[in-house]
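Just so you know, these numbers come straight off a predicted model, no measurement behind them. Proteins get letters first, then strands, A, B, ... in listed order; numbering begins at 1 in each.
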Amino acid sequence: MEKKVRVRFAPSPTGGLHLGGVRTVLYNYLFARKHGGDFVLRVEDTDQNRFVEGAEQYIMDCLHWCGLEPDESPEKGGPHAPYRQSERKYLYYEYAQKLVDAGYAYYAFDTTHELEKMRTDFRKDEHSVPQYDQNTRMHMRNSLSLSQEEVVHLLEKNTPYVIRIKMPEHRTITLTDMIRGEVSFDSSLVDDKVLLKADGMPTYHLAVVVDDYLMKITHAFRGEEWLPSAPVHILLWEYLGWKQDMPEWAHLPLILKPDGNGKLSKRDGERLGFPVFAMNWTDPKTGDTSKGFREMGFLPQAFVNMLAMLGWNPGSEQEIFSLQELVEHFSIERVHKGGAKFDFEKSKWFNNQYIQRTDNETLAKLALPYIEAGLRKSGVEANVDMDLLQRVAGLVKERCTLLPDFWEQGHFFFATPAAIDVAAIKEKWNGQKQQFFAEWADSLESYTEWNEKALETGFTEFAAQKGLKKGELMLPLRIMLVGGKFGPGVFAIAELIGKEETMKRIKSLHL
RNA sequence: GGCGUGUUGGUCAAUCGGUUAAGACGCCUCCCUUUCACGGAGGAAUGACGGGUUCGAUUCCCGUACAUGCUACCA
């Protein structure tokens, strides 16, 4: 019988969750759902120096916002709890010790200074950087180079030590990656990675193998930056005697900066003016806040859809996918090998597409906070009629790419425009027009039917009566009602703001 | 420097050896709209470069270049 699919997202709680991280979550989630498997969230908090308060909760909040809920997590628990590596600390030592006993790993007593010295002393030329490996390990202080008595003595004295893997000399280690196919490494070129740190915590290398085994992970997705250390992990699976249970690997491509080169970083977002994190992230130490897609006004569905298409595509022309559709169409084999430059313009396009497809009632709820904030900012009492907001949302949604645009595009429905772009009509303005509008405004009083159609008909007839071209009057009317050259049809606007307000706005224009 | 990975238009990308090399974003032109958008029509790449293999290569192989990742008691 096939093993049940189990995947995991294993972030370090060190800061905000960026695009690449969310995409890794997404691919994990899609794969799990597609194969009826489990999606586990495991927190890799083994580095006490980099631990950031609140980061774990923040990550879970991001997953929740995106609608990518894990089946097992520190919060939810599950059959393999605990899901926080710091709470699993006691587990790892046993396996590290097992490796030492079997001769696959060794104790190393070197101090930071000794390591630094080795790296300068063994420097072969200007450019090469020596590493702790088969060429240097016998020159260091470890259980391979020291006599057994010395080792025992050091251990008894409680000398701080780490446990390092002993990389074999000449082995070609091959892994079959679901995205890249076969990738080979020469074991003698890989260094003796630290497995267990002096503080008793495992490094990523040990922890990921032990936990993936214990949690019965069948498919391991992670960023491409892990590919170089994959041979260490494969060896560990073998040395621990678990080779038949090793998950299938998939190393995901990186998300790159839109301009220049390199992978996308927090800095790029600040520099180029777009978010890099899923939600706002405030560093508790510096107090600095980095913008998030959520706060910028993205719909989570659009954000997720955009991310899915960054490095994967279904092979068809379809671009808009619900999460359910993504689950149906997703295949890890169609994930790209190469990194993709992030394009914020395309992200905005996705958001606009989603806004257009969202029903007015939902949109009104989403837009409400922005409308209220806008009103408060303009000193108007924020008492928004939800019924009106729904109709407004329907009218302006195709010109909104981000949620705050609902205020930009619709503020004049809720408050008399503060700024009137008189310059737009000043040149062609004259007394005749001034009079026309004054008279039309008065005639509005007698309208029994107040709707777009009646207004337009009435306006057209009135213009004809006065011998004026309707076309010359449309822009002025818009400026009076809206304040600028934008927005939905003028008569639809007049219908919504009502008779009284329409008359008031027309009459208040003086130039 | 070493090792790994990658390279189709400005960007995301289809093509699993034979097509006029899809489509989307962005850009430009036009239509619709006497606003702005949405929507619609159209315009712009010969596939990093050089060798092979093949009747035939963007698609397979090799080299070069470039890009990118790793090279921590960080993940």
Could you measure between the two [atom1] atoms, the one in [N] and the one in [M], and give it in whole Å?
N      : M      : atom1 : answer
A13(B) : A75(B) : C1'   : 31 Å
G47(B) : C60(B) : P     : 16 Å
C49(B) : G9(B)  : P     : 10 Å

Does the side chain of H251(A) pick up a donor-acceptor pair with the side chain of R180(A) at under 3.5 Å? no
If we ignore angles and hydrogens, is there a donor and acceptor under 3.5 Å between the side chains of E501(A) and T416(A)? yes
Side-chain N or O of [X] less than 4.0 angstrom from OP1 or OP2 on [N]?
X       : N      : answer
Q353(A) : G39(B) : yes
T46(A)  : A75(B) : yes
K197(A) : C74(B) : yes
N313(A) : A13(B) : no
R164(A) : C73(B) : yes
H251(A) : U5(B)  : no
R478(A) : U33(B) : no

Is [X] touching bases, backbone alone, or none of the nucleic acid, heavy atoms closer than 4.0 Å?
X       : value
S316(A) : nothing
K263(A) : sugar-phosphate
A340(A) : sugar-phosphate
G338(A) : sugar-phosphate
V162(A) : base
F342(A) : nothing
M474(A) : base
R119(A) : sugar-phosphate
G489(A) : base
Q409(A) : nothing
P11(A)  : nothing

Between [options], which one does the side chain of [X] approach most closely?
X       : options                : value
R334(A) : C38(B), U15(B), U11(B) : U15(B)
A198(A) : A13(B), C73(B), U35(B) : C73(B)
E224(A) : U11(B), G6(B), G4(B)   : G4(B)
D343(A) : G69(B), G10(B), A37(B) : G10(B)
L115(A) : A75(B), C73(B), U5(B)  : C73(B)
Q356(A) : G4(B), G10(B), G39(B)  : G39(B)
K341(A) : A37(B), U11(B), A75(B) : U11(B)

[atom1] of [X] versus [atom2] of [N]: gap in Å, rounded?
X       : N      : atom1 : atom2 : result
F350(A) : G23(B) : CZ    : P     : 17 Å
F344(A) : G26(B) : CZ    : C1'   : 14 Å
Q131(A) : G2(B)  : CD    : C1'   : 8 Å
K346(A) : C12(B) : NZ    : P     : 11 Å
F491(A) : U34(B) : CZ    : C1'   : 11 Å
I420(A) : U35(B) : CD1   : C1'   : 14 Å
L475(A) : C36(B) : CG    : P     : 9 Å

Find which nucleotide of RNA chain B each of L254(A) and P130(A) is nearest to by heavy atoms, and output the residue with the more 5' nucleotide. L254(A)
How do E319(A) and A108(A) order along RNA chain B: which one's closest nucleotide is nearer the 5' end? E319(A)
Watson-Crick or G-U wobble partner for [N], using a 3.5 Å limit on both distances?
N      : value
U64(B) : A48(B)
C25(B) : G10(B)
G1(B)  : U71(B)
C30(B) : G40(B)

Hey, does the side-chain of R399(A) have a donor or acceptor N/O within less than 3.5 Å of a partner on the base of C36(B)? yes
Regarding K346(A) and the six-membered ring of F344(A), is the cationic atom NZ or CZ under 6.0 Å from the ring centre and inside 45° of its axis? no
If you draw the axis of the six-membered ring of F486(A), does the NZ or CZ of R399(A) fall within 45° of it and under 6.0 Å from the ring centre? no
Set out, in order, the CA-CA distance, both residues' side-chain angles and the distance that settles side-chain hydrogen bond (donor to acceptor under 3.5 Å, both in side chains) for D110(A) and Y132(A), then state yes or no. CA-CA 11 Å; D110(A) 316 278; Y132(A) 207 118; 2.6 Å; yes
Sub-6.0 Å ring centroid separation between F293(A) and F274(A): no
May I ask you to check whether F406(A) and H411(A) place their ring centres under 6.0 Å from each other? no
Backbone N/O of F51(A) and side chain of D45(A): donor-acceptor pair under 3.5 Å: no
When you look at F277(A) and H18(A), which way does the side-chain contact (heavy atoms from CB on, under 4.5 Å) test go after all the steps? CA-CA 4 Å; F277(A) 292 148; H18(A) 64 91; 3.7 Å; yes
